[in-house]
**Q** 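Right, I'll just put the structure down here and ask away after.
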Amino acid sequence: MEAPRGIGTFAVWDYVVFAAMLLISAVVGIYHAFAAGGQQTPKDFLMGGRRMTAVPVALSLTASFMSAVTVLGSPSEVYRFGAIFSIFAITYFLVVVISAEVFLPVFYKLGITSTYEYLELRFNKYVRLCGTFLFIVLTILYTGIVIYAPALALNQATGFDLWGAVVATGVVCTFYCTLGGLKAVIWTDVFQVGIMVAGFASVIIQAALIQGGISTILNDAYNGGRLNFWNLNPNPLQRHTFWTIIIGGTFTWTSIYGVNQSQVQRYISCKSRFQAKMSLYINLVALWAILTCSVLCGLALYSRYHDCDPWTAKKVSAPDQLMPYLVLDILQDYPGVPGLFVACAYSGTLSTVSSSINALAAVTVEDLVKPHFTSLSERSLSWISQGLSVLFGVLCIGMAALASLMGSLLQAALSIFGMIGGPLLGLFALGILVPFANSIGALVGLLAGFAITLWVGIGAQLYPPLPERTMPLRLETYGCNSTYNGTNWMTTTEMPFSTSAFQVHNIERTALMDNWYSLSYLYFSTLGTLVTLFVGILTSLSTGGRKQNVDRRFLLTKEDFTSNFDIFKKKKQVLNTKSHPIEDGGNDNPAFNHIELNCTDQSAKTSGTRL
């Protein structure tokens, strides 16, 4: 196979498809800004008026965290490290169950806009400010990576203008976030999930046709050692093993799904608790579908390039560009399809960025503006939310410029989530699960967890682990018509900031580096959460945490959990009583009533029990 002709050209049709995608997203924003009376209150703007149903919210949850990092990062991850990545399917299941059964009930019954309001209710306002501050830093950093990464990959693989793409993304996102609020964010996400699936499907179908069926792809993968599902090595230093993915992955993703504002804000915007839980479970199916697609794409990449790896042969300069390269290679005869794929990668970006911007505005209004300026009217708060959307949009574009100094996508993103999200997850778990935790314990625990994860994280950036820890599989170039000798393919082990300015070279490796800093990046979050919990519990006990009296609504109670199972005991009655509303304190479900007494929405009482 000689170098495919005309790779790196992006035809007129591709630009048309791409522009159409941006345009539709913008139109949805305009529609939600003016339809149904527009965004009158900050509640409309930030919470969609709490009237959303499960399916759009589920798709939106999927879209916002299936960013371009997933579309471009996961297939190349599978290509280099094998299909063990698909063990994340189990992780996603655990994460969704934990989010729906532990965090959702507490946040939903309190009816809050910002998850950090919970911290003030449960601890005090200093804990809340710490949480808010960490979240704002985390989100701006992450959004920068998300905007920049796909722009770079697409620029190098397709010649799509880099900063044009970055600015266009940022501007369109800011535009529809500012005009349409959360409703616009959710509905554009639904549209963007459609585009992502279409993009993935076109690649998989065409690759299967060219390679001669899915069976050939799987055979090639098997021969290349890519079907390595069961690596049961318990060593926490190995990058991806069954255990790092199940344990580390669960903590990392729970910090995104369970407590991260951009996700929680969405499922809290559902009409009832039942709809909110359903949205999480439906979203699980969508996650599995997208995971399957990205693993298949990765195997298709391997099958296509198993004897001539474009990355080693210097045809692309980073693994993240393998996907766009494959698209231009196999889909070049179909006008507009490469454009569809670029739109697919970009939809991921747009949805993530827009949810981040909306969440940042929500948190800032709720946690920083409202407490200090109590006299503001609803109208002016609405204007402030919109102004903040613009401000954060600009900040994120600025961060994208900084992100251009960082290395590999998927991992940089997840490391940042681990370093900051882990301790935050620990903080919320402390509040929800530990009745005797007090504010001193919470603050000390948060700081301890944060210090430790920062230490490991920054250590890992400076002294990346050795290749035997990350275990990349062999990539061959014998099939290329080039004089390139495949000797130094090990030099670029995938690390966050691998291409960064911060790496320290040619240094004596100490035991500290080989063990502590080589911790799998998925364990950053686990470490942060556990340290925060442990230190928090000890500090609370030693500062008289048992004496305080905590309102039961702020804890996860037995009733929150058992209410799910009442349906199995008397299924027939529940189905019959659903038709008429039940009065407060009705005898339908005694376990449930004293918690839901203050509930205004009648349907929430009936449907709250049906899961």
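Numbers for residues simply follow the sequence, beginning at 1.
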**Q** Go through it in stages, so that I can follow the logic: the residues are R266 and D189, the test is salt bridge (Lys or Arg N to Asp or Glu O under 4.0 Å), and I'd like the CA-CA distance, side-chain angles, deciding distance and then a yes or no.
**A** CA-CA 11 Å; R266 282 198 174 63; D189 283 355; 3.2 Å; yes
**Q** Hey, is the main chain of Y257 close enough, under 3.5 Å, to the side chain of Y267 for a donor-acceptor pair?
**A** yes
**Q** Closer than 3.5 angstrom, by distance alone: can the side chain of Q275 be matched with the main-chain N or O of A54 as a donor-acceptor pair?
**A** yes
**Q** Can a side-chain donor-acceptor contact be found between T216 and Q211 if the only test is distance below 3.5 angstrom?
**A** no
**Q** Keeping S356 on the side-chain end and T139 on the backbone end, is there a donor-acceptor pair under 3.5 Å?
**A** no
**Q** If you count heavy atoms of other groups shown closer than 6.0 angstrom to CZ of F93, is the number above 12?
**A** no
**Q** To the nearest 0.5 Å, tell me how far M323 CE sits from S76 OG.
**A** 9.0 Å
**Q** I want to check something: taking the side chain as every heavy atom from C-beta on, are L22 and F18 in contact at a cut-off of under 4.5 Å?
**A** yes
**Q** Once rounded to the nearest 0.5 Å, what's the spacing between atom CD1 of I210 and atom CD1 of I330?
**A** 5.0 Å
**Q** Has S303 got a side-chain atom pairing as donor or acceptor with L299's backbone, closer than 3.5 angstrom?
**A** no
**Q** F103 versus T254: any side-chain heavy-atom pair under 4.5 Å?
**A** yes
**Q** Is the shortest side-chain heavy-atom distance between F251 and L522 below 4.5 Å?
**A** no
**Q** Are S269 and I186 close enough that some pair of their side-chain heavy atoms sits under 4.5 Å apart?
**A** yes
**Q** Any sub-3.5 Å donor-acceptor pair from T143's side-chain atoms to C396's backbone N or O?
**A** no
**Q** So how far is it from L296 CG to I205 CD1, rounded to the nearest 0.5 Å?
**A** 11.0 Å
**Q** Atom CD1 of I397 and atom CZ of F392: how far apart are they, to the nearest 0.5 Å?
**A** 14.0 Å
**Q** For the pair F88 and W253, name the ring-plane relationship: parallel under 30°, tilted 30 to 60°, perpendicular over 60°.
**A** perpendicular
**Q** Please give me the minimum heavy-atom distance between T91 and G249, naming the atom from each residue.
**A** CG2-C, 3.3 Å
**Q** Could you measure the distance from the CG atom of L301 to the CD1 atom of I217? Nearest 0.5 Å is fine.
**A** 10.0 Å
**Q** Restricting to non-hydrogen atoms, name the atom on A83 and the atom on V295 that form the minimum distance, rounded to 0.1 Å.
**A** CB-CG1, 4.4 Å
**Q** Where the side chain of N283 meets the backbone of S279, is there a donor-acceptor pair that is under 3.5 Å apart?
**A** no
**Q** Hey, does the side chain of D309 reach the backbone of T312 with a donor-acceptor pair shorter than 3.5 angstrom?
**A** yes
**Q** Tell me, do Y305 and L326 make a side-chain contact under 4.5 Å, heavy atoms counted?
**A** yes
**Q** Identify the residue among V264, L94, L104, L280 that makes a side-chain contact (heavy atoms from CB on, under 4.5 Å) with S99.
**A** L280
**Q** Quick one: does I195's side chain get under 4.5 Å of F191's, heavy atoms only?
**A** yes
**Q** Any donor and acceptor pair, going by atom type alone, linking the side chain of Q261 with main-chain N or O of T115 inside 3.5 Å?
**A** yes
**Q** Kindly give the heavy-atom pair with the smallest separation between S202 and L340, and that separation in Å.
**A** OG-CD2, 4.3 Å
**Q** How close do V17 and G339 get, counting heavy atoms only, and between which atoms?
**A** CG1-C, 3.9 Å
**Q** Looking at CG of D329 and OH of Y325, how far apart are the two atoms once the value is rounded to the nearest 0.5 Å?
**A** 6.0 Å
**Q** Is there a donor-acceptor pair closer than 3.5 Å between any side-chain N or O of R226 and the backbone N or O of Y79?
**A** yes
**Q** Hey, are the side chains of V71 and S294 touching, using non-hydrogen atoms and a 4.5 Å cut-off?
**A** no
**Q** Spell out, as yes or no, whether a donor-acceptor pair under 3.5 Å connects the side chain of N228 to the backbone of I84.
**A** yes
**Q** I want to check something: taking the side chain as every heavy atom from C-beta on, are C308 and K315 in contact at a cut-off of under 4.5 Å?
**A** yes
**Q** Are more than 12 heavy atoms, taken from residues, nucleotides or ligands other than F229, located less than 6.0 Å from that residue's CZ atom?
**A** yes
